Structures are given as C-alpha cells and as structure tokens.
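Below is one structure, written out as structure tokens; comments come after it.
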Amino acid sequence: QVQLVESGGGLVQAGGSLRLSCAASGRTFSSYAMGWFRQAPGKEREFVAVISWSGGSTYYADSVKGRFTISRDNAKNTVYLQMKSLEPEDTAVYYCGADQHYGGSRRSIEYECWGRGAQVTVSS
C-alpha cells in the first residue's frame, strides 16, 4: 500500500482559490489512479475528481467541472487538486485515495487507501 498525506487546506472567501496536495510514499505511486473525494458534516463522502496512472485521463463530478483541476507529478509522488471559484458549498474535508485500477473509480469503495483529509472552508 501507499501512505497518503494531504496538505493545502484552509479558509478562503467565496470566489477564491486553493490548491490541495497529496504526497504518497510506499509502493509505486505511478501504479495507482488517484482520486479526490470530500465529505461535508452530516453528509456521505462524495466523489470530486480522479486521474489515471499516467495522468492522461481525468474525470470530474459535475459540481466541480470547470472549476477544479486534478493533476499529478509521478516524479514527486504527488497529486494535486487546484480549486478555483470556490463556493460555500465546497466546504468539506477533502480526502485523496489510491485505486489500483488504471482509470480510477468514482466509487469510494474501490479505493485501497486514504489520507487523513484536509479541511477546506469557504466563507460567503
């Protein structure tokens, strides 16, 4: 398994931007698709974005499409989530996960391991 650590969360005003990072250690990072999910208080964990092993394929939830960008740097064992035009509804704990399937999944149950999460709070 890989070990994952998220960073870059914080408090931002609506319309602002943040970039989350997820650093991986352990087994070969490039053998995993990487996904970002989020969980707001009282709600289930929901899919945000996923990127394939190579970075050549990405997929986004409709709620973030056009505002968020997922990317990865396999040389640095890191996956990123650039978030722009943030809205109060984006407030949640954001988790990165590792999935051994090439393209990655939108289903959290498919993920082998998770980081501990990073809090993102968007004020109105």
Side-chain angles (χ1 to χ4, degrees):
Q1 283 191 345
V2 292
Q3 290 77 47
L4 305 173
V5 179
E6 300 95 338
S7 61
L11 174 64
V12 64
Q13 289 187 334
S17 300
L18 280 175
R19 188 178 80 159
L20 300 180
S21 299
C22 174
S25 60
R27 288 182 58 186
T28 306
F29 175 71
S30 59
S31 297
Y32 289 89
M34 298 297 296
W36 286 98
F37 287 69
R38 64 188 183 187
Q39 188 166 16
K43 296 187 177 181
E44 294 186 353
R45 189 171 297 191
E46 66 172 359
F47 169 76
V48 175
V50 64
I51 189 166
S52 62
W53 293 358
S54 65
S57 175
T58 58
Y59 191 85
Y60 297 90
D62 288 342
S63 60
V64 306
K65 199 173 295 182
R67 300 189 298 122
F68 290 11
T69 303
I70 189 170
S71 62
R72 67 189 296 161
D73 185 338
N74 285 347
K76 295 183 178 180
N77 285 3
T78 302
V79 62
Y80 304 97
L81 186 68
Q82 178 68 54
M83 304 183 292
K84 298 180 180 179
S85 302
L86 283 161
E87 304 167 352
E89 293 74 22
D90 296 316
T91 295
V93 177
Y94 284 70
Y95 298 90
C96 67
D99 178 3
Q100 288 192 319
H101 301 95
Y102 172 74
S105 174
R106 287 169 282 172
R107 301 174 65 226
S108 60
I109 195 172
E110 302 288 347
Y111 284 73
E112 179 176 312
C113 57
W114 297 92
R116 293 187 175 184
Q119 176 70 48
V120 172
T121 303
V122 185
S123 63
S124 57

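As the structure is a prediction and not an experimental result, all values here were calculated from the model. In what follows, residues are counted from 1 in the order of the sequence shown.
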From [X] [atom1] over to [Y] [atom2], what is the distance, rounded to the nearest 0.5 angstrom?
X: N77; Y: S30; atom1: CG; atom2: OG; result: 8.0 Å
X: E112; Y: Q100; atom1: CD; atom2: CD; result: 4.5 Å
X: W53; Y: T28; atom1: CH2; atom2: OG1; result: 10.5 Å
X: R72; Y: C22; atom1: CZ; atom2: SG; result: 10.0 Å
X: R106; Y: Y111; atom1: CZ; atom2: OH; result: 10.0 Å

Exercise for the section: Would you check if the distance from the ring center of F37 to the ring center of W114 is below 6.0 Å? Expected result: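 Yes - the distance between ring centres of F37 and W114 falls below the 6.0 Å cut-off.
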Problem - Aromatic ring proximity, centroids under 6.0 angstrom, Y60 and F47 - result: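 Ring-ring flag for F47/Y60: false, centres at least 6.0 Å apart.
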Side-chain heavy atoms of [X] within contact of [Y], under 4.5 Å:
X: R45; Y: Y95; result: yes
X: L86; Y: L18; result: yes
X: S63; Y: R38; result: yes
X: T91; Y: V120; result: no
X: H101; Y: E110; result: yes
X: Q82; Y: S17; result: yes

Verify the cluster assignment for [X] and [Y]: are they in a single hydrophobic cluster under the rule of side-chain heavy atoms below 4.5 Å apart?
X: V50; Y: F68; result: no
X: M83; Y: I51; result: yes
X: V93; Y: Y80; result: no
X: I70; Y: V48; result: yes

Side chains of [Y] and [X]: any donor to acceptor distance under 3.5 Å?
X: E87; Y: S85; result: no
X: Y94; Y: Q119; result: no
X: S54; Y: Y102; result: yes

Problem - Minimal non-hydrogen separation, G9 against L20, with atom names - result: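 Closest approach of G9 to L20: N-CD2, 3.5 Å.
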Completion exercise
Scanning both residues in full, the closest heavy-atom pair of A33 with G103 reads CB-C, 3.9 Å
Exercise for the section: State whether the number of non-hydrogen atoms from other residues, nucleotides or ligands found under 6.0 Å of K43 atom NZ is greater than 12. Expected result: no
Handout entry: Pair E6 + R116, salt bridge at N-O below 4.0 Å
Key =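 No, E6 and R116 are not salt-bridged.
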Problem - Sole candidate of D99, V2, L4 that passes side chain to side chain contact (heavy atoms under 4.5 Å, CB included) when paired with M34 - result: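 Going through the options one by one, the only one that passes is L4.
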